[in-house]
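These notes concern the structure reproduced below.
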Amino acid sequence: RQMCIRDRKNYSQKIPIITFALIMSFILLFLPSACKNSPERYEETRNMWDTYVTVAVFSEDENSAKESIEAAFSRMKEIGDAASAYDETSELFQLNRDGYLDNPSSDLLELVTQSVEYSEITDGAFDITVQPLLDVWSAGLWQESPEVQQETISQIMGLIGTDKIE
């Protein structure tokens with residue numbers, strides 16, 4: 001038992017040495033990285049699709065940040081051009097107009113696939129197939145009698161739902 005007490009006493013005398021060694025190790029390991037430049041935030045806001053879109057990146061190099069921001073906006077424009085419901089040259093407009101689309105782009109396929117997944121996750125609260133209903137409402141259905149509204153909406157509801165997408 002005396003040996004245990006002596007070991008505890010020797011151990012307690014070593015604690016300051018161990019603590020000092022740990023602190024020095026920490027300083028030597030992390031001091032060099034603390035001296036390096038940390039990435040800075042760069043951002044740009046643009047008007048796209050009748051709203052403001054902000055892209056922010058962290059970079060140690062301003063030119064790389066600007067290139068990344070420009071690439072992000074370019075990519076968003078590509079996808080937006082394919083998926084515009086209002087631009088007559090877009091794939092989505094043609095799909096809505098014709099009811100089908102031969103050889104859709106991979107961007108539009110991915111967008112529709114993800115949209116269907118979100119519709120399932122939200123139990124239909126997010127639904128990309130509501131355009132026919134929006135169109136008749138915008139055309140003035142809201143000015144009609146409640147009976148006409150109900151009849152028209154009932155007819156159109158047969159066209160709505162992600163189960164109609166093939």
Side-chain angles (χ1 to χ4, degrees), residues 26-27 29-166:
F26 180 82
I27 290 172
L29 283 173
F30 295 106
L31 184 63
S33 64
C35 294
K36 291 182 182 175
N37 291 339
S38 59
E40 290 184 42
R41 179 184 168 103
Y42 298 90
E43 72 175 52
E44 186 174 333
T45 301
R46 296 184 187 175
N47 188 340
M48 299 178 84
W49 312 297
D50 295 325
T51 191
Y52 293 101
V53 178
T54 300
V55 173
V57 298
F58 287 86
S59 177
E60 294 177 6
D61 174 40
E62 184 175 2
N63 288 333
S64 296
K66 287 181 178 182
E67 288 175 12
S68 297
I69 289 171
E70 189 59 41
F73 279 118
S74 293
R75 184 69 179 119
M76 284 187 277
K77 183 176 179 332
E78 287 175 21
I79 295 170
D81 288 348
S84 171
Y86 306 104
D87 178 0
E88 293 183 11
T89 63
S90 80
E91 291 180 284
L92 182 62
F93 184 92
Q94 294 169 19
L95 175 62
N96 286 339
R97 181 192 63 212
D98 301 337
Y100 70 94
L101 185 65
D102 291 326
N103 303 315
S105 68
S106 59
D107 286 338
L108 187 63
L109 282 174
E110 180 65 22
L111 189 60
V112 170
T113 300
Q114 287 183 0
S115 296
V116 169
E117 289 174 11
Y118 283 118
S119 181
E120 291 170 0
I121 290 168
T122 63
D123 292 325
F126 180 86
D127 190 339
I128 63 169
T129 66
V130 298
Q131 192 64 47
L133 186 58
L134 297 174
D135 290 343
V136 297
W137 192 258
S138 297
L141 180 63
W142 57 274
Q143 296 172 337
E144 300 293 336
S145 69
E147 296 80 20
V148 171
Q149 289 179 16
Q150 186 58 51
E151 182 181 328
T152 305
I153 290 171
S154 294
Q155 290 173 356
I156 291 175
M157 289 305 289
L159 303 172
I160 295 175
T162 55
D163 59 317
K164 312 292 187 301
I165 299 173
E166 297 176 8

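Along the sequence shown, residues carry numbers from 1.
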Counting C-beta onward and ignoring hydrogens, is there a side-chain heavy-atom pair between [X] and [Y] closer than 4.5 Å?
X      : Y      : answer
Asp87  : Phe93  : no
Ile156 : Asp135 : no
Thr129 : Leu159 : no
Ile128 : Leu111 : no
Trp137 : Gln149 : yes
Arg75  : Asp107 : yes
Val53  : Met76  : yes

Inset, instruction - Quick one: list whatever passes salt bridge (Lys or Arg N to Asp or Glu O under 4.0 Å) with Arg41, sequence neighbours left out. - result: Glu43
Which heavy atom of [X] sits nearest a heavy atom of [Y], and at what distance?
X      : Y     : answer
Lys77  : Met48 : N-CE, 4.0 Å
Leu108 : Ala82 : CD1-O, 4.2 Å
Glu44  : Phe73 : O-CZ, 3.5 Å
Ser84  : Leu92 : O-CB, 3.8 Å
Gln131 : Ala85 : OE1-CB, 4.2 Å

Inset, instruction - Please assess Glu67 against Asn63 for the test side chain to side chain donor-acceptor pair (under 3.5 Å), listing each intermediate value before the final yes or no. - result: CA-CA 6 Å; Glu67 288 175 12; Asn63 288 333; over 6 Å; no
Quick one: [atom1] on [X] to [atom2] on [Y], what's the gap to the nearest 0.5 Å?
X      : Y      : atom1 : atom2 : answer
Leu133 : Ile160 : CG    : CD1   : 4.5 Å
Tyr42  : Asp61  : OH    : CG    : 7.0 Å
Trp142 : Glu144 : CH2   : CD    : 10.5 Å
Glu60  : Glu62  : CD    : CD    : 13.5 Å
Ser64  : Ile69  : OG    : CD1   : 11.0 Å
Leu109 : Asn103 : CG    : CG    : 9.5 Å

Inset, instruction - Check whether the side chains of Glu91 and Ser105 place a donor and an acceptor atom closer than 3.5 Å, and report yes or no. - result: yes
Legend entry - Short side-chain donor-acceptor distance under 3.5 Å, Gln150 and Ser154: yes
Inset, instruction - State whether Lys66 and Glu70 are salt-bridged, where the test is any N-O pair (Lys NZ or Arg NE/NH1/NH2 against Asp/Glu carboxylate O) under 4.0 Å. - result: no
Inset, instruction - Check for a donor-acceptor pair, side chain of Ser119 on one end and backbone N or O of Phe126 on the other, with a separation under 3.5 Å. - result: yes
